[in-house]
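To start, the structure itself, in structure tokens.
Quick note: numbers below take in every heavy atom, side chains included, and nothing from hydrogens, waters or symmetry partners. Since the model is a prediction, treat every value here as computed from it, not as a measurement.
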Amino acid sequence: IPHRELATSLARSVLPKSYPLADLTYDCAHLIHLPEAFKEADLPLLKEIIGDKVHVPYRLPLIAEGQAVEAVAEKHNLPFTISGAGSSMLILYSLKDEAVINETIKDLQEKVGSTCEIKPIRFDEDGAMLEVK
């Protein structure tokens, strides 16, 4: 999470007015497999699925640390994406592989640690819950 915010208006302004049908079809065809990939904790499939063509290519250059974080994910062959408008970035990893987690965090700290908060989060299998009082 970069220490400086990315204005939603700027993130929206870089998106094209229209997209090639092939890019939209690519994203939709891949995202349909997202629940299965999460259920199976299939990192190679997740990496392919979140290889977005609709917003990441346009918005990533707006995030100063974006390419460095993406390079760390690529080095460790891990899925990478950004939040909808940016500027938060996400690298997915398996809790079963502590060595990769530690190496990835170390690399992130070296590359962007002074400009970003590196915050490991856990996948919540139950999803978001709304508590009514």
If you define the side chain from C-beta out and look only at heavy atoms, does anything of [X] sit under 4.5 Å from [Y]?
X      : Y     : value
Thr81  : Ile91 : no
Ile49  : Leu31 : yes
Arg12  : Arg59 : yes
Val112 : Val72 : no

Pairwise distance [atom1]([X]) to [atom2]([Y]) - rounded to 0.5 angstrom:
X      : Y      : atom1 : atom2 : result
Leu78  : Glu70  : CG    : CD    : 12.5 Å
His3   : Ser87  : NE2   : OG    : 11.0 Å
Ile63  : Cys116 : CD1   : SG    : 9.0 Å
Lys106 : Lys111 : NZ    : NZ    : 11.0 Å
Ile1   : Thr115 : CD1   : OG1   : 12.0 Å

Is there a side chain to side chain contact (heavy atoms under 4.5 Å, CB included) between Tyr19 and Asp27? Walk through the geometry before answering. CA-CA 11 Å; Tyr19 291 91; Asp27 274 18; over 6 Å; no
So, His76 versus Asp107: side-chain donor-acceptor pair below 3.5 Å or not?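 Result is yes, a qualifying pair exists.
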When you look at [atom1] of [X], are more than 12 heavy atoms from neighbouring residues, nucleotides or ligands closer to it than 6.0 Å?
X      : atom1 : value
Glu117 : CD    : yes
Glu110 : CD    : yes
Glu5   : CD    : no

Out of curiosity, does Ile118 fall in the hydrophobic cluster containing Ile82 (side-chain heavy atoms, cut-off under 4.5 Å, transitive links)?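 Ile82 and Ile118: one cluster.
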In terms of hydrophobic clusters joined by side-chain contacts under 4.5 Å, are Ile32 and Leu21 together?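 No.
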Start with the C-alpha distance between Glu65 and Arg4, add both sets of side-chain angles, then the distance that settles salt bridge (Lys or Arg N to Asp or Glu O under 4.0 Å), and finish with yes or no. CA-CA 11 Å; Glu65 304 83 3; Arg4 68 186 135 347; 2.9 Å; yes
Return the minimal non-hydrogen interatomic distance between [X] and [Y], and the atom names on each side.
X     : Y      : result
Ser94 : Ile101 : O-CD1, 3.4 Å
His30 : Glu48  : NE2-OE2, 3.2 Å
Pro79 : Leu43  : CG-O, 3.5 Å
Lys53 : Asp23  : CD-OD1, 3.6 Å
Val54 : Leu15  : O-CD2, 3.8 Å
Phe80 : Met89  : CE1-CB, 3.8 Å

Worked check of side chain to side chain contact (heavy atoms under 4.5 Å, CB included) between Leu92 and Ile50: CA-CA 10 Å; Leu92 300 174; Ile50 63 174; 4.1 Å; yes
Just by distance, do the side chain of Tyr58 and the backbone of Pro16 share a donor-acceptor pair under 3.5 Å?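 Not a single qualifying donor-acceptor pair exists.
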Keeping the roles fixed (side chain from Ser13, backbone from Leu10), state whether a donor-acceptor pair exists under 3.5 Å. yes
Run the side chain to side chain contact (heavy atoms under 4.5 Å, CB included) check on Glu74 and Lys47 step by step: do they pass? CA-CA 10 Å; Glu74 190 59 39; Lys47 184 175 179 186; 3.2 Å; yes
